[in-house]
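Worksheet: the structure to be examined is printed underneath.
The shown structure was predicted, so the numbers you read here are calculated from the model rather than taken from an experiment. Naming: A, B, ... by sequence-line order, numbering from 1 per chain.
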2 protein chains.
Amino acid sequence: MARPREFDLEQALERAMQKFWAQGYEATSLDDLCDATGLGRSSLYAAFGDKRGIYLRALAHYEEAAVKRITATLHASASPLDAIRAFVKRIIDDIVAGPGRRGGFFGNCAAELARQDRAAASQVKAGIERVQAIFQNALLKAQRAGELPREADTGAIAAFLVSGIQGLRLVGKANPERKTLENIAKVMLRCIEH
Amino acid sequence: MARPREFDLEQALERAMQKFWAQGYEATSLDDLCDATGLGRSSLYAAFGDKRGIYLRALAHYEEAAVKRITATLHASASPLDAIRAFVKRIIDDIVAGPGRRGGFFGNCAAELARQDRAAASQVKAGIERVQAIFQNALLKAQRAGELPREADTGAIAAFLVSGIQGLRLVGKANPERKTLENIAKVMLRCIEH
DNA sequence: CCTGTTATGGACTGCATGGTTCATAATTCA
DNA sequence: TGAATTATGAACCATGCAGTCCATAACAGG
């Protein structure tokens, strides 16, 4: 029973996330966030509390989007293992092309904040575990389809793939050469070859 | 023919590096650096130019120390492959114990700066390549000793190991649980098994 | 149409930051 | 011993920062 909010909260979160993703937490100022979202400080403050609040919400927003996207990608192909291979290939393409060079938001957050910010750390941890579970589901599906040996430790392989992708993205930041990245991916993906 | 410098440049660099390593570039203030080194701003400024100059020199300092340490570690055992396994195990121990949770300096730098700071990026790239070369040497030695198949692509495996270790360290920041890390390492090290 | 309530934008605040300056101390060479 | 030179530390500066405040605008319910 008063003046209603004039902006779309989700859209603002999406734009704030993009800025944080590209620049990191410390390097992104409130003015940056105002510019990115088109909102005033008061609106941001009223909606999210403070800068850290915006970041944490942006992180959650990313998690939802990432989970959705990865789930879809890993189910896109009939063969789960092919889907995983395509997923990794896509990451390399993004790094080489440029936009992927900002890394993943989880990885960036872990690198910058995780040691100091417990809330951020546990949120990243939870996010990583969800992604890991999606990978494991794909691996289990592959197992049922006979693509992967019965005795394969799908949990460990999933954890490894997620970790390996983090490494790939990190190396890609300093060295975005396709050859190097493909070499890494080649060895990495051996864990899902028969 | 004038007043000589009163402090040890290498020691100052080492201490500055430790601070940058633990906190990152942005989050480390000049006052932090003065505290850590015990020097005044003028001395730091005269010796290194500015904050970025200190960082870049600290990065180079780290590179030398890391190259020396890794070389020694990978030659510590009679079996190069055992040395690599021990190296990874050691990283996990460090993460679980706490100090390893700050990550590696190269990785941290890549995550924070590489996209924006070309000098930092190329320095990290060069450093990573040196480390990679050390790993490759160990792998070549293993090949000569018959521990590793002749047809193994030592360059690719070396690149993969370096990348994989970055991923391990990054995941360890958000989730320093031994079990998870050992699962990752287990799959990762399969690339050098029989 | 009026009243209570909330959203908004811009101005403002105090503080920490990176960088600079300068007077002084320490040292060398003549 | 004294002139020239350089290192040092403390004070200083402008800037950018996160966070706050307030006057005003926009709405809802009566």
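Regarding A:L44, its CG atom lies at a distance of 14 Å from the P atom of D:dT20, rounded to whole Å. Taking atom CZ of residue A:R5 and atom C1' of nucleotide C:dG9, one finds them 16 Å apart after rounding to whole Å. Atom-to-atom, CG of A:L9 to P of C:dT8 comes out at 10 Å; the value is rounded to the nearest Å. Straight-line distance from the CG atom of A:D8 to the C1' atom of C:dA7: 16 Å, rounded to whole Å. Going from atom CG of B:D50 over to atom P of C:dG19 covers 5 Å, rounded to whole Å.
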Which side-chain N or O atoms in residues 93-103 of chain B pair as donor and acceptor under 3.5 Å with protein atoms at least two apart or in another chain?
| residue | atom | partner | partner atom | Å |
| --- | --- | --- | --- | --- |
| B:D93 | OD1 | B:R178 | NH1 | 3.0 |
| B:D93 | OD1 | B:R178 | NH2 | 2.9 |
| B:D93 | OD2 | B:K89 | NZ | 3.1 |
| B:R101 | NE | B:I95 | O | 3.1 |
| B:R101 | NH2 | B:I95 | O | 3.4 |
| B:R101 | NH2 | B:V96 | O | 3.1 |
| B:R102 | NH1 | B:Q18 | OE1 | 2.8 |

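Phosphate contact (OP1/OP2 of C:dA7, side-chain N/O of A:S43, threshold under 4.0 Å): absent.
With respect to A:E193 and A:R85, a salt bridge is recorded, a charged nitrogen being found less than 4.0 Å from a carboxylate O. Comment: A:E112 does not engage B:K173 in a salt bridge, judged by the lack of any side-chain N to carboxylate O separation of less than 4.0 angstrom.
The shortest heavy-atom contact between B:Y25 and B:K51 is O-NZ, 3.0 Å.
As judged by a 4.0 angstrom heavy-atom cut-off over every strand, A:S42 is placed among the base-contacting residues.
For the segment residues 16-39 of chain B, the set of residues with a heavy atom within less than 4.0 Å of an atom of DNA chain C comprises B:T28, B:S29, B:L30, in numerical order.
Less than 6.0 angstrom separates the ring centroid of B:Y62 from the ring centroid of B:F106.
Toward the 5′ end of DNA chain D lies the nearest nucleotide of B:E6, the other residue of the pair B:E6 and B:R41 mapping further downstream.
Under 3.5 Å, the side chains of A:S79 and A:E147 contain a donor-acceptor pair of N or O atoms.
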